[in-house]
Trainee: 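I have a structure I would like to understand better, so I am pasting it below and will then ask my questions one at a time.
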Amino acid sequence: MTQPFRFEDLPGRPCPIAASLELVGERWSLLVIREVSLGNHRFSEIARGTGAPRDRLSARLSALVAAGVLERRPYSTAPPRSGYHLTAAGWDLMPALQALLQWGNRWLAEEPPVLLRHAPEGHEPHQVDAAWVCRTCGEPVAGSRVERVLTPAGRRLSGVPAGDDDRDR
């Protein structure tokens, strides 16, 4: 995955959230990822599903391909045409989209227009709810029990000398 910017060049606190938002933090990027994840791979399908202006959609698709979130795959040689598909980096954004869907259903909709259903083999289908769970111990994570710790790279980017307490920065 190419990095279209450097953490040092971002305004404010340099962090992965700011860097992620630099790439996918505007409406059209996330809607493109949603459409491709739903199986809409052609430009016309993505345009219809997002409602994005064609020039803006073209720019977003190019940026997402350049960043390694999407890849182009040919589906026709005459005329030459390619579709867009999620890479591993693109699929890793699905929990973020699920969280936005769940938040929108809870806080913006009188009645949820879309739910996600999980239908594993051997179990009854059921609604999926995003939850923050620790992969190591399996416990649900409460925001108040999470501590932010700067790595050596984070200390360098923030100008924090080694050994300084970084919890309030």
Side-chain angles (χ1 to χ4, degrees), residues 1-76 79-119 125-133 135 140-144 146 148 151 153-154 157-158 169:
M1 182 169 185
T2 60
Q3 188 175 346
F5 48 84
R6 297 171 352 121
F7 277 72
E8 296 89 342
D9 297 337
L10 296 171
R13 182 189 312 273
C15 78
I17 296 170
S20 299
L21 290 172
E22 190 71 19
L23 177 64
V24 298
E26 61 91 34
R27 171 189 185 131
W28 304 122
S29 293
L30 291 175
L31 292 180
V32 163
I33 293 164
R34 177 198 67 193
E35 289 304 310
V36 173
S37 76
L38 293 172
N40 296 315
H41 302 290
R42 296 179 180 191
F43 185 94
S44 61
E45 296 169 335
I46 297 167
R48 186 172 42 257
T50 62
R54 294 179 73 77
D55 60 334
R56 184 146 316 149
L57 177 58
S58 181
R60 288 295 93 215
L61 287 166
S62 294
L64 292 168
V65 168
V69 174
L70 295 177
E71 66 182 4
R72 292 181 63 163
R73 294 184 197 159
Y75 66 83
S76 171
R81 302 260 191 237
S82 294
Y84 296 90
H85 297 266
L86 293 175
T87 63
W91 282 111
D92 276 355
L93 285 165
M94 295 314 296
L97 288 177
Q98 179 185 353
L100 287 169
L101 181 147
Q102 187 171 313
W103 186 88
N105 279 347
R106 180 174 181 187
W107 297 105
L108 302 176
E110 286 185 32
E111 182 179 342
V114 176
L115 298 173
L116 297 178
R117 181 169 291 149
H118 185 220
H126 52 274
Q127 183 178 333
V128 174
D129 287 313
W132 198 6
V133 177
R135 287 184 186 177
V141 176
S144 62
V146 175
R148 185 178 79 74
T151 65
L157 288 167
S158 299
R169 295 181 192 222

Trainee: Could you tell me which residues satisfy side chain to side chain contact (heavy atoms under 4.5 Å, CB included) with Arg27, sequence neighbours excluded, listed by chain and number?
Mentor: Leu31

Trainee: Residues two or more places apart in sequence or in another chain: which of them pass side-chain hydrogen bond (donor to acceptor under 3.5 Å, both in side chains) with His118?
Mentor: His126

Trainee: Is there a donor-acceptor pair closer than 3.5 Å between any side-chain N or O of His41 and the backbone N or O of His85?
Mentor: no

Trainee: Quick one: list whatever passes side chain to side chain contact (heavy atoms under 4.5 Å, CB included) with Ala88, sequence neighbours left out.
Mentor: none

Trainee: Val32 and side chain to side chain contact (heavy atoms under 4.5 Å, CB included): which partner among Ile46, Val69, Asn40, Leu86?
Mentor: Ile46

Trainee: Please set out all donor-acceptor pairs under 3.5 angstrom arising from side-chain atoms of residues 90-115, sequence neighbours excluded.
Mentor:
residue, atom, partner, partner atom, Å
Gln102, OE1, Ala130, N, 2.5
Gln102, NE2, Ala130, O, 3.4
Asn105, ND2, Val114, O, 2.6

Trainee: Is there a donor-acceptor contact under 3.5 Å from the side chain of Thr87 to the main chain of Gly68?
Mentor: yes

Trainee: What is the distance from atom CG of Leu23 to atom CG of Leu30, rounded to the nearest 0.5 Å?
Mentor: 9.0 Å

Trainee: The criterion is side chain to side chain contact (heavy atoms under 4.5 Å, CB included); which residues satisfy it with Pro11, sequence neighbours excluded?
Mentor: none

Trainee: Sequence neighbours excluded, which residues qualify as side chain to side chain contact (heavy atoms under 4.5 Å, CB included) partners of Ser44?
Mentor: Arg42

Trainee: Return all side-chain donor-acceptor pairs below 3.5 angstrom for residues 53-67, not counting sequence neighbours, or 'none' if the list is empty.
Mentor:
residue, atom, partner, partner atom, Å
Arg60, NE, Glu26, OE2, 3.2
Arg60, NH1, Ser29, OG, 3.4
Ser62, OG, Ser58, O, 3.1

Trainee: Provide the full list of ring pair (Phe, Tyr, Trp, His ring centres under 6.0 Å) pairs with a residue in residues 9-29, sequence neighbours left out, each pair given once.
Mentor: none

Trainee: Run the side chain to side chain contact (heavy atoms under 4.5 Å, CB included) test on Tyr84 and Arg72 for me, step by step, so that the C-alpha distance in whole Å, both residues' side-chain angles and the decisive distance to 0.1 Å come before the verdict.
Mentor: CA-CA 5 Å; Tyr84 296 90; Arg72 292 181 63 163; 3.5 Å; yes

Trainee: Restricting to salt bridge (charged side-chain N to carboxylate O under 4.0 Å, His left out), what partner residues turn up for Glu45, sequence neighbours left out?
Mentor: none

Trainee: So, using salt bridge (charged side-chain N to carboxylate O under 4.0 Å, His left out) as the criterion, who are the partners of Arg117 when residues are at least two apart?
Mentor: none

